[in-house]
2 protein chains.
Amino acid sequence: MTDGRKPSGETRAGDVLQRMRLDIISCVLKPGSKLRFEPLKDMYAVSFSTLREALSRLVAEGLVIAEGQRGFIVAPLSLADLIDLTDVRVLIEREALRLAIEKGDDRWEAEIIGTYHRMDRLQSRLGHEYYLSEDWSKVHGEFHYALVSACGSPNLLEIRQKLFERAHRYRRMSSQFRPKWREKDVEHRTIMEAVLARDPKRSSDLIERHIRETTENVVEHAGHLFSGGIPRAGADVAAE
Amino acid sequence: MTDGRKPSGETRAGDVLQRMRLDIISCVLKPGSKLRFEPLKDMYAVSFSTLREALSRLVAEGLVIAEGQRGFIVAPLSLADLIDLTDVRVLIEREALRLAIEKGDDRWEAEIIGTYHRMDRLQSRLGHEYYLSEDWSKVHGEFHYALVSACGSPNLLEIRQKLFERAHRYRRMSSQFRPKWREKDVEHRTIMEAVLARDPKRSSDLIERHIRETTENVVEHAGHLFSGGIPRAGADVAAE
DNA sequence: CTGTTTGATCTTTTCGAAATTATCGGTATC
DNA sequence: GATACCGATAATTTCGAAAAGATCAAACAG
């Protein structure tokens with residue numbers, strides 16, 4: 001039997017989903033803004049139904065909120081959500097890291113070293129303000145994924161990934177307010193070393209601090225931007 | 001301003017989503033089975049697009065899997081998934097319960113006692129094999145939700161709820177194989193008492209055992225039904 | 001002047017047909 | 001005899017128009 005057909009790649013809805021997700025976590029689509037169909041239809045060059053499907057999936061991912069029969073909005077950012085999200089992330093990341101350190105093999109170690117190297121090199125190439133680059137963000141995400149990838153739990157990894165993506169929107173805010181990114185870079189190296197040394201307690205503590213520090217930075221410097229729960233509900237879909 | 005309009009209730013897609021979710025977690029739609037559009041269209045009396053939207057959301061919830069351009073299947077059950085799911089649930093439930101015990105107020109306690117009472121009464125009314133009733137399952141779910149509802153973390157609660165629903169499909173298997181449901185009932189009471197006594201360690205340990213015992217029961221008595229990873233890929237959409 | 005109703009306009013939601021893509025069986029070729 | 005190709009069939013995926021619903025402002029009543 002000729003089983004080797006190309007499973008083909010992407011359904012168009014899946015493609016739009018991916019692009020919208022990136023646009024949301026990078027705040028091209030602003031938190032709290034209404035997602036009207038007409039502009040989006042042009043923006044992504046698809047029809048109502050296809051758009052709708054992507055939106056629906058994003059709802060289940062927590063990046064978009066469906067308001068009864070009143071359409072969709074980009075999930076708002078709020079202080080309460082940031083704090084909650086941080087606590088849950090700490091719980092999940094600690095456990096995933098603990099398991100990964102317990103179970104990780106040579107390939108896992110190599111992947112960590114590899115992604116760190118790529119991240120480091122890209123950073124040098126980009127110079128200061130490297131953290132504003134979407135490319136760097138991508139590699140940064142891959143590095144953090146690599147750390148926990150050997151945890152052996154698909155469910156934990158999936159939950160972690162969704163939380164990580166949601167947190168990206170807050171990280172983005174963080175980078176605008178007194179970014180201590182030189183320190184962040186040192187942290188990444190320190191975390192990697194602790195992980196490769198297979199020290200679960202120290203690794204988890206470092207990861208927790210790594211996560212909490214970013215949150216504290218946002219709370220301290222950008223906290224006032226959140227009024228109550230729905231910040232900057234203003235501007236509609238950004239054309240660019 | 002007349003703000004008191006009825007926000008209306010359900011979009012039709014949302015309604016279908018809910019019904020399909022119930023049908024999946026109660027295994028009316030069999031794990032691994034292909035979800036063809038024509039039969040489903042008749043079954044739920046909606047059109048392609050509406051159906052598609054519901055399916056899309058279920059994909060993001062992990063109850064349905066989208067296979068490239070080859071349609072949708074009900075997420076299969078597997079031994080590996082059950083074990084992984086159990087471990088993650090234990091992590092989440094323990095933490096949520098710990099927080100709830102720390103933060104819960106009088107209303108929280110009342111809700112626990114209330115749902116337990118309803119569960120207990122319904123059980124008496126249904127007699128033996130009460131656990132096969134969908135109504136009882138619903139109240140059972142509400143009881144377990146009540147226990148952790150005061151944890152103060154919307155994100156944790158949402159994750160917990162999705163995992164709980166996914167686990168329902170395995171619980172259903174459990175009930176078919178030597179159900180020790182008399183013991184389960186005692187466990188619920190014991191858990192409630194420990195929680196109301198605000199003993200976080202004991203409560204979490206009891207919850208963990210409560211969850212793991214069901215899993216062990218499935219592994220022991222139904223484990224052989226899982227071959228590798230994709231069990232009973234057979235039968236299509238069950239008409240009833 | 002305040003608050004409610006009504007109707008026009010705009011948005012979202014649903015629908016079923018059209019286009020695209022996979023699947024299956026038959027035929028030819030090595 | 002087995003494998004690869006090709007055409008017919010059946011499924012999914014996409015589309016844009018039609019229906020249903022929400023929003024806003026003006027007109028009206030208290």
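In what follows, chains are A, B, ... by sequence order, proteins preceding strands, each numbered from 1.
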**OP:** For the residue pair A:I73 and A:K30, establish whether any side-chain heavy-atom pair is separated by less than 4.5 Å.
**Re:** no

Original post:
Looking across every strand, which nucleic acid part, if any, lies under 4.0 Å from B:R52 by heavy atom: base, sugar-phosphate, or nothing?
Top reply: base

Original post:
A:F37 side chain: which of C:dC15, C:dT13, D:dC15 is closest?
Top reply: C:dT13

Subject >> Min side-chain heavy-atom separation B:I25-B:R166 under 4.5 Å >> reply: no

Original post:
Within 45° of the six-membered ring axis of B:F72 and under 6.0 Å from that ring's centre, is NZ or CZ of B:K34 located there?
Top reply: no

Subject >> Distance below 4.0 Å between A:K34 side-chain N/O and C:dT12 OP1 or OP2 >> reply: yes

**OP:** Could you check how far CD of B:E67 sits from C1' of C:dT23, rounded to whole Å?
**Re:** 14 Å

Original post:
Atom CG of B:L51 to atom P of D:dT13: distance rounded to whole Å?
Top reply: 11 Å

**OP:** For B:E38 and D:dA10, give me the distance from atom CD to atom P, rounded to whole Å.
**Re:** 12 Å

**OP:** Rounded off to whole Å, could you give me the CG-to-C1' distance for the B:L40 and C:dG16 pair?
**Re:** 17 Å

Original post:
Regarding B:R12 and the six-membered ring of B:Y44, is the cationic atom NZ or CZ under 6.0 Å from the ring centre and inside 45° of its axis?
Top reply: no

**OP:** Rounded off to whole Å, could you give me the CZ-to-P distance for the B:R12 and D:dA18 pair?
**Re:** 19 Å

Original post:
Do you know which of B:E93, B:E165, B:H144 makes side chain to side chain donor-acceptor pair (under 3.5 Å) with B:R160?
Top reply: B:E93

Subject >> Of the listed nucleotides C:dT14, C:dT13, D:dG16, the one nearest the side chain of A:S47 >> reply: D:dG16

Original post:
Ignoring hydrogens and geometry, is there a side-chain-to-backbone donor-acceptor pair from B:Y170 to B:S78 under 3.5 Å?
Top reply: yes

Subject >> Side-chain N,O (A:R70) to OP1/OP2 (D:dT23) below 4.0 Å >> reply: yes

Original post:
How far apart are the C-alpha atoms of A:Q69 and B:T11, what are their side-chain angles, what is the distance that settles it, and do they pass the side chain to side chain donor-acceptor pair (under 3.5 Å) test?
Top reply: CA-CA 6 Å; A:Q69 277 155 305; B:T11 148; 5.8 Å; no

Original post:
How many angstroms lie between CG in A:N155 and NZ in B:K162, if you round to the nearest 0.5 Å?
Top reply: 12.5 Å

Original post:
Atom NZ of B:K41 and atom P of D:dT12: how far apart are they, to the nearest Å?
Top reply: 12 Å

Original post:
Parallel, tilted or perpendicular for A:Y130 and A:W136, by the 30°/60° rule?
Top reply: perpendicular

Subject >> Nucleic acid contacts of residues 54-64 of chain B, taken as heavy-atom distances under 4.0 Å to DNA chain D >> reply: none

Please produce a list of atom pairs where a protein N or O lies less than 3.5 Å from an N or O of nucleotides 18-20 of chain C.
none

Original post:
If you check every side-chain atom of A:T11, which of C:dC15, C:dT13, D:dT14 has the closest atom?
Top reply: D:dT14

**OP:** Specify the separation, in whole Å, of atom CZ of B:R36 and atom P of D:dT12.
**Re:** 7 Å

Subject >> Ion pair check, A:R212 and A:D87, cut-off under 4.0 Å >> reply: yes

**OP:** Have a look at A:T50 and say if it touches a base, only the backbone sugar-phosphate, or nothing, with a 4.0 Å heavy-atom cut-off.
**Re:** sugar-phosphate

Original post:
In whole Å, what is the span from the CD atom of A:E53 to the C1' atom of D:dC15?
Top reply: 13 Å

